[in-house]
Every structure is written in C-alpha cells, then in structure tokens.
Visitor: 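Here it is, the structure in full.
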Amino acid sequence: MWLLLPIIAYSAIFLYVRHIYSYWRRKRFPSEHTSLSWQFLTLAYQREFRHVEAICEAYQEGRDRLFGIYCFFRPVLLVRQPQLALSILQQSNGHFTESKWDYVKGYRRFNLLEKLSPMFSTKRLSAMFINAQHVADHMMQYLAKREEQGLLELDLQHLMRIYAVNIIGNLVYGLDVNNFVQRDHILNSYVLHPSQYGGLQSFTLRGIPQKSSLTYRLIDIIKNNVEKREENGIIRKDMLQLLVKFRNGNDLSSDKWQIEHAIEEDKLMCIKRLAKVAEDLMHSALDGIASTITLTLYEIAQQPLIVEKLQTEIKELNLKDGQLAFEQLMGLKYMDMCVKETLRKYPPVPIIERVCRKRYTLPGSKLRIGEGKTLMVPLLAIQRDGRYFSEPLKYKPLRFLHNQPDGGEGQQCPSVIASFGIGGAQCVAQNFAKMVIKLALVRLLQSYDLELDASAMVEVSHLPAPFITSPDGLKIQLKAREILRQSNYRKCSI
Ligand code: HEM
C-alpha cells in the first residue's frame with residue numbers, strides 16, 4: 001500500500017506534465033518537442049535562465065509561420081513571420097486585449113492610454129524640452145567635474161541609467177532631482193538594476209501583479225506633488241502636470257498647462273491610481289532610454305567614422321550660444337538612423353506578448369488559438385534575421401537611409417522594424433523616447449570623443465531589456481574635444 005501511493009502520485013504528475021506538453025500537438029500546430037529538462041531546472045534554480053534567449057532559439061528552429069512552444073507550464077504560440085504578426089495585432093479586434101490600461105470611472109469604461117496619448121504630442125514635448133535639457137546639463141556638469149579630477153574613464157551604462165532615472169524623476173514625478181550628486185534619493189534604487197528584471201518569473205508567471213517595496217514611497221512623492229499643484233496652482237511643464245490635468249477632467253489636447261480644478265467627487269483618478277500610472281510609465285521608459293543610449297555609444301565607439309559623422313551633423317546645426325532647439329534635435333537625420341539601428345539590434349522590448357481573450361482563428365489558416373493562451377512576437381529574433389536585414393549583427397545605420405531597412409536575400413520588409421511595437425499597441429511615447437535619447441547623445445558627442453578599451457569584455461544580456469552584464473559595465477574613456485576637425489564623413493558609407 002505505502003509503495004503504491006508514491007507510484008500513483010508519480011504517474012499522476014507524469015501524465016499531467018505530458019498532457020500540458022502535448023497541447024500544441026493536440027491542436028495540430030507545428031511545435032517543439034520539449035519537456036522539462038534537467039538543464040532548464042538547473043538554470044532556473046541558479047537564476048541564470050534567460051527566457052529571451054530561449055525564445056530566440058525556438059525562433060531559429062524550423063521555418064513554420066507559427067510555432068507552439070512551452071514556457072515552463074505555459075503553452076505559447078510564437079509568430080515567426082512579421083507580416084503575419086502585423087495582421088494579427090492590427091486586425092484581431094479585441095481578441096487580444098490589454099487589460100492593464102482599462103479604466104472604469106462610475107459607469108464609464110475607457111482605455112487610459114488612449115486618453116493620455118496627447119501627453120506625448122510634439123507640442124507638449126517641445127514645451128517639456130527645457131526640463132529635459134536641465135537633466136542633460138546636470139550630466140554635463142557632473143562630467144566636467146570628473147574631467148577636472150582626471151576621472152574620465154567611466155561606466156557609461158551607469159551614467160546613462162542615472163540620466164534616465166533623472167529624466168523620469170523630472171518629467172514624470174515632477175521632481176528637481178539630480179542623482180548625479182544626490183546619491184541617496186529614493187529613485188536611485190532604479191539605477192543599479194533593470195527596472196523590469198524578468199528572469200524566470202516573466203517566463204512562467206506573467207500577469208501576476210508585482211508590488212515593489214518602493215511603490216508606497218513613490219505614492220507619497222506623487223501625493224505631495226499633486227497637492228502642491230492643485231492647492232498652490234504651481235505650473236511645471238512636465239507629464240505630472242498633464243496627469244493632474246487629466247485627473248481634474250481637463251482637456252489634454254488644448255495648449256494650456258493651467259489646471260482647472262474639479263471638485264473631489266468629479267475627479268477622474270485617485271492619487272493611488274495616478275501613482276500607479278507614473279510607476280508604469282517609469283517601468284516602460286527607464287530601461288529603453290538607458291539601454292538605447294548606452295548601446296548606441298557602445299556600437300559607435302567601435303566605429304570612429306560614425307562618431308565623426310554624428311559630430312559633424314551636430315556641428316552643422318550652428319547652435320546659437322550652444323542652445324539646442326527641440327526642432328533641431330528632432331531633425332538630426334543621421335542620428336535618427338543610428339538610434340533606429342540600435343533599436344533594431346537591441347530592441348528594449350525584445351518580445352511582444354499578448355494573451356488571447358476570445359478564441360481567434362489565425363489569418364490564412366484553420367488553426368485557432370484558445371482563450372487564455374499566450375501569443376509572442378519575438379522582435380529580437382526577427383530583427384536579427386538575415387532574411388530581413390543583411391549582415392544582421394553588423395551595426396549599419398545607413399540601412400535606414402531611405403526610411404526602409406535593407407532586406408537580406410534582396411527582400412525589402414519595412415514592417416519588420418517594430419522596436420516601438422506593432423499594430424494597435426505601439427509605444428505612445430516614442431517621440432519622447434527619441435527626444436531624450438538624442439539629447440543625451442548630442443550633449444555627449446558635442447563635448448567628448450569616445451575610446452573603448454578593446455580588451456574589455458562587454459556582454460549584453462536581455463533581462464528582458466538589453467543590459468550589459470559584464471562586471472565593469474561599459475567602460476569608456478571620454479576625451480574632451482578641442483576642435484572639430486574638417487571631416488571626410490560624407491564619403492564614408494557606414
Ligand atoms: C527606446 C525606448 C522605448 C522603446 C523601444 C519602447 C517600446 C515599446 C513597445 C514595443 C511597446 C509595445 C509593447 C506591447 O505591444 O506589448 C511599448 C509600449 C509602451 N511604452 Fe514604450 N518604449 C520606449 C520608451 C518609452 C518611454 C520613454 C515611455 C514613457 C515615458 C514609454 C511608455 C510606454 C507605454 C505607456 C506603453 C504601453 C504599453 C504597456 O505597458 O502596456 N515607452 N513601448
């Protein structure tokens with residue numbers, strides 16, 4: 001009898017696991033032949049399992065447009081073809097809803113992100129630019145101090161994470177924070193580690209809300225600042241101001257920054273919800289901004305001709321008193337191509353993920369994906385696929401010269417460059433992201449040349465945003481520039 005019990009228990013577990021791992025075969029989808037392996041369990045136990053890399057490996061297997069895989073106990077459908085991903089995400093009409101931004105107020109239900117999107121309009125961004133410039137000034141003052149002390153060899157990943165945290169602190173939280181000098185500020189806790197560190201959890205338990213220990217302190221910051229703006233009529237041109245305007249039911253698409261107050265019962269959003277929006281914006285923004293600047297610098301430091309070309313493009317702006325205007329920044333064409341190329345090679349959101357809410361028949365087939373099942377578009381793998389980009393691991397900004405990436409094997413496939421998302425759920429803040437990324441690059445390249453230690457190990461992991469995991473981060477020697485040499489950049493073809 002005692003011997004029988006473990007045998008029955010073992011058999012039940014075995015049959016259950018086998019049942020899960022045969023899901024895609026039973027539904028007649030092409031699928032991987034996997035089960036729980038000892039290697040996977042060991043990596044998971046040692047917290048070294050990298051789910052983004054595992055999904056990219058699955059992308060390489062076979063050639064089917066759709067491929068069923070298993071993320072631990074979760075059946076996931078991988079969409080391998082960019083056009084198919086585009087048509088699913090554009091035309092699936094509510095089959096793959098994102099409930100995170102759904103918001104209910106009284107009898108009204110709306111998508112918060114749609115309502116907040118005017119926050120990122122060009123008009124609003126150009127007004128916020130002055131605050132972004134203050135953050136860049138803080139960075140340059142910090143570097144100038146290090147220059148005086150002869151300390152210009154530094155970890156640029158760390159520097160750019162501080163810059164990104166300061167940008168969010170200033171523009172989302174409405175704080176005049178400068179973490180380059182204020183090392184004990186609460187937001188500094190986001191500098192050391194990626195804010196969305198996924199690891200095994202994102203492979204297995206997506207969708208379970210996570211409360212960070214910082215959340216409550218961040219709510220206090222928001223509460224304080226919202227009260228100041230509502231009670232004292234303080235106007236600061238930042239996102240918090242627009243969030244407070246929205247909370248008071250004001251129209252965000254108008255030009256005004258003043259808040260027209262609503263009585264407490266008519267307010268659209270409580271402080272806690274507003275703080276949650278700010279925290280979500282921080283999580284969406286921080287790693288993307290920091291990694292894109294860091295990895296652009298990493299790539300261009302290996303190709304001095306690109307640096308020279310960028311520096312000449314900046315010089316040709318003929319800045320009056322060194323003052324950079326928003327329009328000038330956004331008009332930097334070659335820098336735009338460099339940022340696009342970094343986002344292609346290192347997309348900060350390497351996998352787009354959707355949960356099916358209503359059974360959906362996949363375009364061009366009779367196959368159906370069931371409610372509750374996950375669909376993934378592996379952006380990182382697609383954007384490094386030689387069928388769409390020739391020499392995908394090479395950093396070549398001029399791929400985007402005619403606003404179209406070059407196709408490997410002679411193909412042209414503009415839809416595959418989707419670092420800011422595909423279909424209905426694109427990044428609302430892409431212009432904001434480009435503004436602060438380009439601003440940091442302009443300010444750094446205006447004043448410094450870059451020298452990468454050729455012997456230094458630089459290892460980039462996707463956690464899920466790209467992050468340099470080598471102990472020294474991105475160690476680069478900055479060299480103060482004296483004069484801009486006459487350039488031969490127009491002849492170069494990178
Ligand atoms: C280089 C920087 C960035 C990249 C590459 C990027 C990329 C993306 C992508 C691919 C999505 C769609 C995700 C999906 O469909 O599941 C997205 C959504 C979003 N992004 Fe960005 N983003 C960047 C920066 C930012 C910044 C700076 C902000 C805010 C200030 C921001 C706010 C958002 C928000 C609110 C969403 C909505 C998605 C959600 O979390 O539900 N992003 N972004």
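Numbering of ligands and ligand atoms starts at 1, following listing order.
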Visitor: Run through V191, L474, T294 and flag the one making a side chain to side chain contact (heavy atoms under 4.5 Å, CB included) with H158.
Guide: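 Of the listed residues V191, L474, T294, the side chain to side chain contact (heavy atoms under 4.5 Å, CB included) partner of H158 is V191.
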
Visitor: Between R354, H283, M239, which one has a non-hydrogen atom sitting closest to atom 16 (O) of ligand 1?
Guide: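 Selected option, by shortest heavy-atom distance: R354.
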
Visitor: For Y23, is the NZ or CZ atom of K373 found under 6.0 angstrom from the centre of its six-membered ring and inside 45 degrees of the ring axis?
Guide: yes

Visitor: Relative to F389, does R399 satisfy both conditions: NZ or CZ under 6.0 angstrom from the six-membered ring centre, and within 45 degrees of the ring's axis?
Guide: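 Geometry flag: not set, cation outside 6.0 Å or 45°.
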
Visitor: Using a 4.0 Å cutoff against the non-hydrogen atoms of A285, which atoms of ligand 1 qualify?
Guide: 25 (C), 26 (C), 27 (C), 28 (C), 29 (C), 30 (C)

Visitor: Just which atoms of ligand 1 are under 4.0 Å from any heavy atom in F432?
Guide: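 Selected atoms, number and element: 27 (C), 30 (C).
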
Visitor: Check ligand 1 against T292 and write out every atom of the ligand that is under 4.0 Å from a heavy-atom position of the residue.
Guide: 1 (C)

Visitor: Checking side chain to side chain donor-acceptor pair (under 3.5 Å) for the pair Q182/N188: CA distance, chi angles, key distance, verdict?
Guide: CA-CA 9 Å; Q182 235 173 309; N188 230 339; over 6 Å; no

Visitor: For atom 5 (C) of ligand 1, which of A429, G421, S419 has the closest heavy atom?
Guide: S419

Visitor: Which atoms from ligand 1 have a heavy atom of G288 less than 4.0 Å away?
Guide: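 Per the distance check, 1 (C), 2 (C).
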
Visitor: Backbone, side chain, both or neither: what part of L113 comes under 4.0 angstrom of ligand 1, heavy atoms only?
Guide: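 Side chain only.
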
Visitor: Taking 4.0 angstrom as the limit and counting only heavy atoms of V349, give me the atoms of ligand 1 inside it, by number and element.
Guide: 7 (C), 8 (C), 9 (C), 10 (C)

Visitor: Counting heavy atoms only, which part of L379 comes closer than 4.0 Å to ligand 1: side chain, backbone, both or neither?
Guide: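 Answer for L379: neither.
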
Visitor: Assess the side chains of Y59 and D385: does a donor N or O sit below 3.5 Å from an acceptor N or O?
Guide: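 Yes, a side-chain donor-acceptor pair sits under 3.5 Å.
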
Visitor: Looking at V165, I167, V436, which hits side chain to side chain contact (heavy atoms under 4.5 Å, CB included) with V135?
Guide: I167

Visitor: Looking only at heavy atoms, is any part of L343 under 4.0 Å from ligand 1, and if so is it the side chain, the backbone, or both, or is it neither?
Guide: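 The answer is the side chain.
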
Visitor: Show the atoms of ligand 1 that are less than 4.0 angstrom away from any heavy atom in I437.
Guide: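 Taking each heavy atom of I437 in turn, ligand 1 has 1 (C) under 4.0 Å.
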
Visitor: Can we say D251 and K256 salt-bridge, meaning some charged N sits less than 4.0 Å from an Asp/Glu carboxylate O?
Guide: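 No, this pair does not count.
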
Visitor: Nearest to atom 43 (N) of ligand 1 by heavy atom, S284, A433, C427, P347: which?
Guide: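 Ranked by closest heavy atom to atom 43 (N) of ligand 1, first place is C427.
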
Visitor: Looking at R124 and D255, is any side-chain nitrogen of the basic one under 4.0 Å from a carboxylate oxygen of the acidic one?
Guide: no

